[in-house]
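Shown next, in structure tokens, is the structure this report addresses.
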Amino acid sequence: MTSPDREGESQALSGSAREEFTRRNAAREEALKLCREVIRFSANTIRALHRREFEDAEALLAQAREQVGQAAAWLRDYPELFHAGFLSDAQKEYAEACATRALIQRTPLPTYQELGVELPAYLNGLGEAAGELRRYILDSLRRGESGQCEELLDAMDGIYTLLVALDFPDGLTGGLRRTTDMVRGVVERTRGDLTMALLQRDLSRRLESGEK
């Protein structure tokens with residue numbers, strides 16, 4: 001038979017555990033909701049940048065910034081949830097949007113400390129931003145706006161140079177090697193596309209002016 005003392009201890013432990021898991025589950029659910037919002041606002045920020053709607057992009061990014069900070073605050077007391085992965089994904093998307101905005105609008109690139117995100121999420125987000133710069137360059141070429149393209153290609157090359165120098169285990173970097181490989185391919189393809197477009201532009205100009 002279970003003694004009254006043991007039964008009381010068991011009930012107390014059960015109640016305490018239930019309360020703790022209730023708190024953790026509430027924090028997890030709230031942070032998940034916020035992280036989904038961060039991802040949505042970040043994606044919409046990038047869409048606005050591609051449409052050259054820069055004021056809208058700033059407003060959306062401000063909302064993402066608020067939500068990502070709140071999500072981290074909810075999980076700060078629960079390390080197993082903080083590092084579960086969903087917060088890192090949201091931070092990566094936010095970092096990608098911030099980096100894309102800074103590079104397109106020629107403003108200083110924010111640091112991961114300034115953004116309040118973890119370093120692996122920041123670096124992977126920076127790599128993803130290179131893909132968005134490629135898209136921006138190609139859209140600019142289609143618009144006949146090549147002025148900023150070479151500058152953005154240099155920025156992409158700089159991102160690759162930074163990432164390729166960080167040869168550490170994926171467990172530390174959040175899978176940065178795969179992102180780095182992606183950036184290398186994106187930079188190479190963009191350099192080829194931009195070179196061809198500029199050569200064709202120069203040839204067209206010479207033909208229009210009657211030069212040989």
Side-chain angles (χ1 to χ4, degrees), residues 35 38-39 41-43 45-47 49-50 54 57-58 61 64-65 67-69 71-72 75-76 79-80 82-141 146-199:
C35 286
V38 171
I39 291 171
F41 284 129
S42 298
T45 296
I46 290 174
R47 292 190 189 99
L49 289 169
H50 285 300
F54 298 122
E58 289 294 334
L61 198 58
R65 182 180 303 113
Q67 305 285 44
V68 78
L75 300 179
R76 195 152 284 127
E80 74 281 10
F82 192 96
H83 299 289
F86 58 88
L87 177 61
S88 178
D89 290 341
Q91 290 183 343
K92 182 189 75 170
E93 297 295 324
Y94 171 61
E96 176 187 356
C98 290
T100 302
R101 175 257 177 200
L103 294 169
I104 286 175
Q105 295 196 276
R106 297 182 171 99
T107 61
L109 193 66
T111 65
Y112 74 96
Q113 296 98 329
E114 290 169 341
L115 297 184
V117 303
E118 298 297 300
L119 180 56
Y122 175 83
L123 293 172
N124 280 283
L126 192 58
E128 296 289 341
E132 297 301 333
L133 294 185
R134 169 176 168 77
R135 177 183 167 191
Y136 195 89
I137 288 172
L138 295 179
D139 286 346
S140 296
L141 291 174
S146 59
Q148 192 183 359
C149 291
E150 291 185 80
E151 178 184 340
L152 291 177
L153 178 60
D154 287 343
M156 293 170 65
D157 207 18
I159 290 172
Y160 175 69
T161 300
L162 167 65
L163 298 185
V164 78
L166 300 173
D167 187 20
F168 293 93
D170 282 348
L172 292 177
T173 64
L176 189 61
R177 286 176 181 170
R178 178 170 51 83
T179 300
T180 302
D181 289 341
M182 178 275 293
V183 173
R184 179 181 59 192
V186 165
V187 171
E188 290 174 352
R189 291 195 304 274
T190 306
R191 180 175 287 110
D193 292 337
L194 180 57
T195 299
M196 184 62 66
L198 294 179
L199 288 173

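Please read these numbers as outputs of a predicted model, since none were measured by experiment.
For the atom pair OG1 of T111 and CD of E114, the computed distance is 3.5 Å after rounding to the nearest 0.5 Å. Rounding to the nearest 0.5 Å places SG of C98 at 11.0 Å from CD of Q91. In this structure, the separation between CD1 on I46 and CD on E96 is 4.0 Å, given to the nearest 0.5 Å. Taken from CZ in F168 to CZ in R177, the straight-line distance is 10.5 Å, to the nearest 0.5 Å. One distance of note links OG1 of T190 with CG of L133; it measures 8.5 Å at 0.5 Å rounding. The OG atom of S88 sits 10.0 Å away from atom CD of E93, with the distance rounded to the nearest 0.5 Å.
Residues P120 and L176 are not in side-chain contact: their nearest non-hydrogen atoms beyond the backbone lie 4.5 Å or more apart. Between L163 and R184 there is no side-chain heavy-atom pair separated by less than 4.5 Å. In this structure, the side chains of L109 and L126 come closer than 4.5 Å at one or more pairs of heavy atoms. A heavy-atom distance below 4.5 Å is found between the side chains of Y94 and L61. Looking only at side-chain heavy atoms (C-beta outward), L141 and S146 come within less than 4.5 Å of each other. Put simply, the side chain of L49 reaches to within 4.5 Å of the side chain of F54, judged on heavy atoms. Side-chain contact between F86 and L75 is present, with heavy atoms from C-beta onward closer than 4.5 Å. Counting only heavy atoms from C-beta outward, the side chains of R134 and D193 approach each other to under 4.5 Å.
Counted within 6.0 Å of CZ on R178, heavy atoms from surrounding residues, nucleotides or ligands total 12 or fewer; the atom is thus considered open.
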List, one per line, each side-chain donor-acceptor pair under 3.5 Å for residues 147-162, sequence neighbours excluded.
unit_1 : atom_1 : unit_2 : atom_2 : d
Q148   : NE2    : I104   : O      : 2.7
E151   : OE1    : R106   : NE     : 2.9
E151   : OE1    : R106   : NH2    : 3.1
E151   : OE2    : R106   : NE     : 3.3
D157   : OD2    : R191   : NH2    : 3.3
T161   : OG1    : D157   : O      : 2.9

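For R135, the side chain to side chain donor-acceptor pair (under 3.5 Å) test picks out no residue, with sequence neighbours left out.
Of all the heavy atoms in V186 and G131, the pair that sits closest is CG1-CA, 4.2 Å. Nearest approach of A102 to P108, heavy atoms of both residues: CB-O, 3.7 Å.
Among residues at least two apart or in separate chains, side chain to side chain donor-acceptor pair (under 3.5 Å) pairs with a member in residues 116-131 are N124-T179.
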